[in-house]
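Each remark here refers to the structure printed beneath this line.
Positions are given from 1, in the same order as the sequence printed here. A quick note: this is a predicted structure, and the numbers were derived from the prediction, not measured.
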Amino acid sequence: MTTFIVLLGPPGVGKGTQAKIFSERSGLAHISSGDLFRENIKNQTELGRLAQSYMTRGELVPDDVTIAMIRDRINRPDCAAGAILDGFPRTPAQADALEVMLQEFGGQVDVVPFISGSEEVLVERLSGRWTCRASGHIFNEKFNPPKQAGVCDFDGSELYQRDDDKAETVKRRIQVYLEQTSPLISYYRDHGKLIEIDGMQSIEQVTQALLVALKKH
Ligand code: ADP
Ligand code: ADP
């Protein structure tokens, strides 16, 4: 038995935050496509160089390289029981590729929580996001501040503000989400896998709503 959960929702709605909480509770691996790209950028790989040129503009990295990166990640041993996918798929072609990948694996996408939120709140959350250098722990200077400014509570590493969290790039990322990713809402609804979660509540309330909805599913 495997469990694959896809977290869907606009940039800044809280996918990464909830994925980390849920991964710790369930023991399922957390796969963040954005974190994988940022790791490649840090390690100065060829994929990192390619991805960076798209990420700084708020555009999507091309499907072929993104799909290959996720396939590699899903085939690692820590995903044997399944995973929580955060930020992938982001296009219908990626969603189709994921189905095929999981079939090879003997699994499938089991459930797709779609966390929704208003654009105004997304912009506010992203402008206050601070991310941990070592392993992508996520904070917010207003809504979820670290104990000590600029330092990760979990591993003591430096917190930084992502380059693509500046206002113009955030606007573009939301537009890209609406054009290229939002069609996945009806895709997964048609497959009977979508559960809708109101992302405009506190972090704890969203976690509770997610747990209740996942139990029911
Ligand atoms: P995503 O992965 O969807 O882009 P994140 O989990 O990185 O979103 O959250 C974006 C920012 O909003 C972070 O600074 C995070 O601390 C904050 N945040 C996440 N969920 C909530 C929430 N429910 N209420 C307030 N702030 C939140
Ligand atoms: P957010 O936390 O706002 O949801 P991510 O960290 O998931 O942002 O993604 C940051 C950037 O990485 C995206 O703007 C995009 O350039 C690239 N990226 C991440 N996931 C994908 C994907 N599945 N397909 C294409 N590009 C992606």
Side-chain angles (χ1 to χ4, degrees), residues 5 7-45 47-49 51-52 54-58 61 69 73 76 78 83-88 113 115-174 177 197-212 214:
I5 299 172
L7 283 185
L8 202 59
V13 81
K15 300 180 298 297
T17 300
Q18 298 299 334
K20 279 205 185 307
I21 295 171
F22 196 71
S23 154
E24 252 161 46
R25 291 192 180 192
S26 63
L28 289 177
H30 170 202
I31 301 183
S32 156
S33 44
D35 282 354
L36 291 172
F37 284 131
R38 282 183 288 276
E39 219 175 277
N40 275 279
I41 292 172
K42 192 160 81 179
N43 296 333
Q44 302 187 337
T45 68
L47 173 62
R49 272 190 292 278
Q52 185 157 39
Y54 293 92
M55 290 168 80
T56 48
R57 285 181 286 126
V61 180
M69 175 181 78
R73 179 67 190 88
R76 286 198 226 154
D78 65 327
I84 302 160
L85 295 165
D86 154 23
F88 180 93
I115 312 177
S116 61
S118 76
E119 179 159 346
E120 202 183 303
V121 174
L122 302 176
V123 173
E124 189 188 15
R125 286 185 184 173
L126 290 175
S127 70
R129 172 158 70 184
W130 288 79
T131 304
C132 136
R133 206 53 95 183
S135 39
H137 292 110
I138 305 158
F139 298 88
N140 189 288
E141 60 191 35
K142 195 161 160 192
F143 306 113
N144 180 29
K147 291 194 185 81
Q148 190 186 335
V151 181
C152 178
D153 288 0
F154 302 101
D155 52 34
S157 82
E158 180 204 5
L159 300 180
Y160 73 104
Q161 288 195 289
R162 277 170 46 181
D163 213 29
D164 58 344
D165 280 346
K166 55 177 188 285
E168 321 88 84
T169 318
V170 163
K171 289 238 156 64
R172 180 63 194 144
R173 283 161 57 203
I174 292 174
Y177 164 81
I197 309 283
D198 174 12
M200 299 292 88
Q201 317 172 70
S202 71
I203 292 176
E204 294 72 25
Q205 285 169 325
V206 175
T207 303
Q208 277 315 309
L210 254 172
L211 289 173
V212 168
L214 287 172

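When all heavy atoms are compared, the tightest approach of Phe88 to Ser33 is N-OG, 3.7 Å. Shown here for Ala83 and Leu28, the closest heavy-atom pair between the two residues is N-CD2, 4.2 Å. Minimum heavy-atom separation, Arg57 to Arg172: O-CG, 3.5 Å. Here the shortest heavy-atom pairing between Gly48 and Thr45 reads N-OG1, 2.9 Å. Phe139 and Cys152 make their closest contact through CE1-SG, 3.9 Å (heavy atoms, listed as atom of the first residue, atom of the second, distance). The shortest non-hydrogen separation linking Pro11 to Tyr177 is CD-CB, 3.8 Å.
A side-chain contact (heavy atoms from CB on, under 4.5 Å) with Trp130 holds for exactly one of Asn144, Ile138, Leu159; it is Leu159.
In this structure, a donor-acceptor pair under 3.5 Å is absent between the side chains of Asp153 and His137. With no hydrogens or angles considered, a side-chain donor-acceptor pair links Ser157 and Asp155 at under 3.5 Å.
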Legend entry - Step-by-step side chain to side chain contact (heavy atoms under 4.5 Å, CB included) determination, Ile197 to Gln18: CA-CA 12 Å; Ile197 309 283; Gln18 298 299 334; over 6 Å; no

Inset, instruction - Apply the test side chain to side chain contact (heavy atoms under 4.5 Å, CB included) to residues Lys42 and Arg133: give CA-CA distance (whole Å), side-chain angles for both, the deciding distance (0.1 Å), then the verdict. - result: CA-CA 10 Å; Lys42 192 160 81 179; Arg133 206 53 95 183; 5.5 Å; no

Legend entry - Step-by-step side chain to side chain contact (heavy atoms under 4.5 Å, CB included) determination, Phe22 to Thr207: CA-CA 8 Å; Phe22 196 71; Thr207 303; over 6 Å; no

Inset, instruction - Could you please spell out the steps behind the side chain to side chain contact (heavy atoms under 4.5 Å, CB included) verdict for Thr17 and Val206? - result: CA-CA 10 Å; Thr17 300; Val206 175; over 6 Å; no

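Rounded to the nearest 0.5 Å, atoms CD (Gln161) and CG (Leu126) are 11.0 Å apart. With rounding to the nearest 0.5 Å, the separation of CG in Asp164 from CD in Gln52 is 10.0 Å. Residue Ser26 holds its OG atom at 4.0 Å from CD1 of Ile84, rounded to the nearest 0.5 Å.
When the shell of 6.0 Å around CD of Glu24 is examined, it contains 12 or fewer heavy atoms from other residues, nucleotides or ligands.
At least one donor-acceptor pair under 3.5 Å links the side chain of Asn40 to the backbone N or O of Leu36.
Looking at Arg76 and Asp78, no side-chain N of the basic residue comes within less than 4.0 Å of a carboxylate O on the acidic one, giving no salt bridge.
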